[in-house]
Amino acid sequence: MLFHVHMEVAIPHDLDPDRRAALVAEEKARALELQRSGVWPHLWRVVGEYANISVFDVDSGDTLHALLSSLPLFPYMKINVTPLAIHPSDLKAQS
């Protein structure tokens with residue numbers, strides 16, 4: 001099941017700089033791990049924002065929630081999720 005996920009990050013400005021750097025490094029490592037596993041096949045930065053647009057390929061909304069909440073920056077994110085379905089005019093739907 002595919003999900004379109006928009007994540008906006010708002011790390012508090014008064015967070016300890018060392019803690020911020022550690023969180024950002026942990027976030028990158030976790031994101032790479034999820035991409036390599038195949039559940040996070042697409043990740044794009046939103047130009048001019050500390051945000052991304054992603055596509056996740058998981059079996060359920062519960063699984064997606066578990067993955068998203070495992071992200072180190074999850075406590076500092078605003079997340080919008082849209083479940084996706086194949087469009088009848090998509091080339092893949094013609095097979």
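Keep in mind the model is a prediction, meaning the values are calculated, not measured.
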Transitive ILVMFWY side-chain link L15 to L71, under 4.5 Å: yes
M1 and S60, any side-chain heavy atoms less than 4.5 Å apart: no
Atom pair OG (S54) and NE2 (H42), whose distance is rounded to the nearest 0.5 Å: 10.0 Å
Can you give the donor-acceptor pairs under 3.5 Å from side chains of residues 27-38 to other protein atoms, not counting sequence neighbours?
unit_1: E27; atom_1: OE1; unit_2: L73; atom_2: N; d: 2.7
unit_1: R30; atom_1: NE; unit_2: S70; atom_2: OG; d: 3.0
unit_1: R30; atom_1: NH1; unit_2: E33; atom_2: OE1; d: 3.2
unit_1: R30; atom_1: NH1; unit_2: E33; atom_2: OE2; d: 3.3
unit_1: R30; atom_1: NH2; unit_2: S70; atom_2: OG; d: 2.9
unit_1: Q35; atom_1: NE2; unit_2: A31; atom_2: O; d: 3.2
unit_1: S37; atom_1: OG; unit_2: L34; atom_2: O; d: 2.8

Selection residues 59-88 - residue pairs positive for salt bridge (charged side-chain N to carboxylate O under 4.0 Å, His left out), sequence neighbours left out: none
Connected via hydrophobic side-chain network under 4.5 Å: L43 and V24: yes
H6 side chain near I79 side chain, heavy-atom distance below 4.5 Å: no
Point-to-point distance, once rounded to the nearest 0.5 Å, from OG1 of T82 to CG of L2: 12.0 Å
List the atom pairs, donor and acceptor, that lie under 3.5 Å between side-chain atoms in residues 84-91 and the rest of the protein, sequence neighbours left out.
unit_1: H87; atom_1: ND1; unit_2: S89; atom_2: N; d: 2.9
unit_1: D90; atom_1: OD1; unit_2: K92; atom_2: N; d: 2.7

Selection residues 59-82 - residue pairs positive for ring-ring contact (aromatic ring centres under 6.0 Å, His included), sequence neighbours left out: none
same_hphob_cluster(L68, Y50) at 4.5 Å side-chain heavy-atom cutoff: yes
Spacing of R45 atom CZ and N52 atom CG [to the nearest 0.5 Å]: 8.0 Å
Residues that F56 engages under ring pair (Phe, Tyr, Trp, His ring centres under 6.0 Å), provided they are two or more places apart: W40
L23 and I11: CA distance, side-chain angles, deciding distance, side chain to side chain contact (heavy atoms under 4.5 Å, CB included) verdict: CA-CA 10 Å; L23 278 172; I11 300 172; 5.7 Å; no
From CZ (F3) to CG (L64), nearest 0.5 Å: 5.5 Å
Selection residues 2-22 - residue pairs positive for salt bridge (charged side-chain N to carboxylate O under 4.0 Å, His left out), sequence neighbours left out: R19-E26
Side-chain touch D57/V55, heavy atoms, less than 4.5 angstrom: no
